[in-house]
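Following: one structure in structure tokens, then a few remarks.
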Amino acid sequence: MIEARNIHKSYNDLHVLKGVDLHIPKGEIVSIVGASGAGKTTLLQILGTLEKPDTKTDSVLNVNEVDVYALNSKELAKFRNDNIGFIFQFHQLLPEFTALENICIPAFIGNRPKPETEKRAKELLGFLGLSARANHKPAEMSGGEQQRVAVARSLINNPGVIFADEPSGNLDSESAGNLHKLFFDLREEFGQTFVIVTHNEELADMADKKLTMVDGKIV
Ligand SMILES: Nc1ncnc2c1ncn2[C@@H]1O[C@H](COP(=O)(O)OP(=O)(O)OP(=O)(O)O)[C@@H](O)[C@H]1O
Ligand SMILES: [Mg+2]
């Protein structure tokens, strides 16, 4: 569940977000579309608590019933690790680690025990059709496989909310289609909320709700 009100963001004198309000119920898949520079990535980073909105405005952000701006920075880091998953356009896997190790990293950051984490990571690899790639490093996998590893990594801590920024922007249309179908399968299986920024009209239209950003606002 995400509740955001009056989100403004400026970079110096560039007013990027001009008062965004949104409400996304648990288990919903929402897409965000809009022209380059409209503020989509900026909004996703604020909703994902990686960035803060301008302080001079009264912004509200509740994620899974928690008022995130009431948390101190240590509490916020823990909240983010436990509740929020990210998938980026470029998977951002660590090149020197295997698929299995990459998937486990957010759990180790959260001090979760190794045996239980690896068991869960292997289940996710199986669910994503990647069991045979567990010990491959990113350079030894295809783009679609790397992106599925990044999806597994975003899921390892069972976050309630997943943010994806152009997750299929780098994939051929078949891999993109498979990835998109996967988001719906995951929602069925684990009940997560997904917020997906995309230029892919087909994916955008598959979502339960499609939001369009124009010039720093949702229209
Ligand atoms: N750290 C920053 N410092 C200054 N300006 C920034 C910064 N990050 C983003 N911007 C500016 O804010 C505006 C919105 O950027 P943002 O990345 O949110 O757009 P976007 O909608 O995700 O675009 P795209 O579809 O190209 O990814 C752009 O004009 C961009 O140049
Ligand atoms: Mg962007």
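Order of listing sets the numbers, starting from 1, for every ligand and every atom in it.
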Would one find more than 12 heavy atoms of other residues, nucleotides or ligands at under 6.0 Å from atom CZ of R5?
no
Is the NZ atom of K18 crowded by more than 12 outside heavy atoms at less than 6.0 Å?
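More than 12 heavy atoms, drawn from other residues, nucleotides or ligands, come within 6.0 Å of this atom.
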Take atom 21 (O) of ligand 1 and look for protein heavy atoms under 4.0 Å from it; say yes if you find one, no if not.
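Yes, at least one protein heavy atom sits under 4.0 Å from atom 21 (O) of ligand 1.
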Distance flag for atom 30 (C) of ligand 1, protein heavy atom under 4.0 Å
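No, there is no protein heavy atom closer to it than 4.0 Å.
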Taking atom 23 (O) of ligand 1 as the point of reference, which of G37, G169, G39, A38 owns the nearest heavy atom?
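Among G37, G169, G39, A38, the closest heavy atom to atom 23 (O) of ligand 1 comes from G37.
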Run L182 and F127 through side chain to side chain contact (heavy atoms under 4.5 Å, CB included) and show every step you take.
CA-CA 10 Å; L182 176 64; F127 188 78; 4.1 Å; yes
Classify the contact between [X] and ligand 1 as side chain, backbone, both or neither, using a heavy-atom distance cut-off of under 4.0 Å.
| X | answer |
| --- | --- |
| D165 | neither |
| V16 | side chain |
| M213 | neither |

Provide the number and element of each atom of ligand 1 under 4.0 Å from a heavy atom of [X].
| X | answer |
| --- | --- |
| A35 | 21 (O) |
| H199 | 25 (O) |
| T41 | 17 (O), 18 (O), 20 (P), 22 (O), 27 (O) |

In the protein, which heavy atom is nearest to atom 1 (N) of ligand 1, and how far is it?
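The answer is Y11 CE2, 3.5 Å.
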Write out the residue and atom name of the closest protein heavy atom to atom 16 (P) of ligand 1, then the distance separating them to 0.1 Å.
T42 OG1, 3.6 Å
Give a yes/no on ligand 1: does G34 have at least one heavy atom closer than 4.0 angstrom to it?
no
With a 4.0 Å cut-off, would you call K209 and E28 a salt bridge?
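Yes, this pair counts.
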Give a yes or no on whether a salt bridge exists between D21 and K217, defined as a side-chain N under 4.0 angstrom from a carboxylate O.
no
Is R120 close enough and on-axis enough to F190, meaning under 6.0 Å and within 45°, for cation-pi?
yes
Side chains of F97 and L93, heavy atoms from C-beta outward: is any pair under 4.5 Å?
no
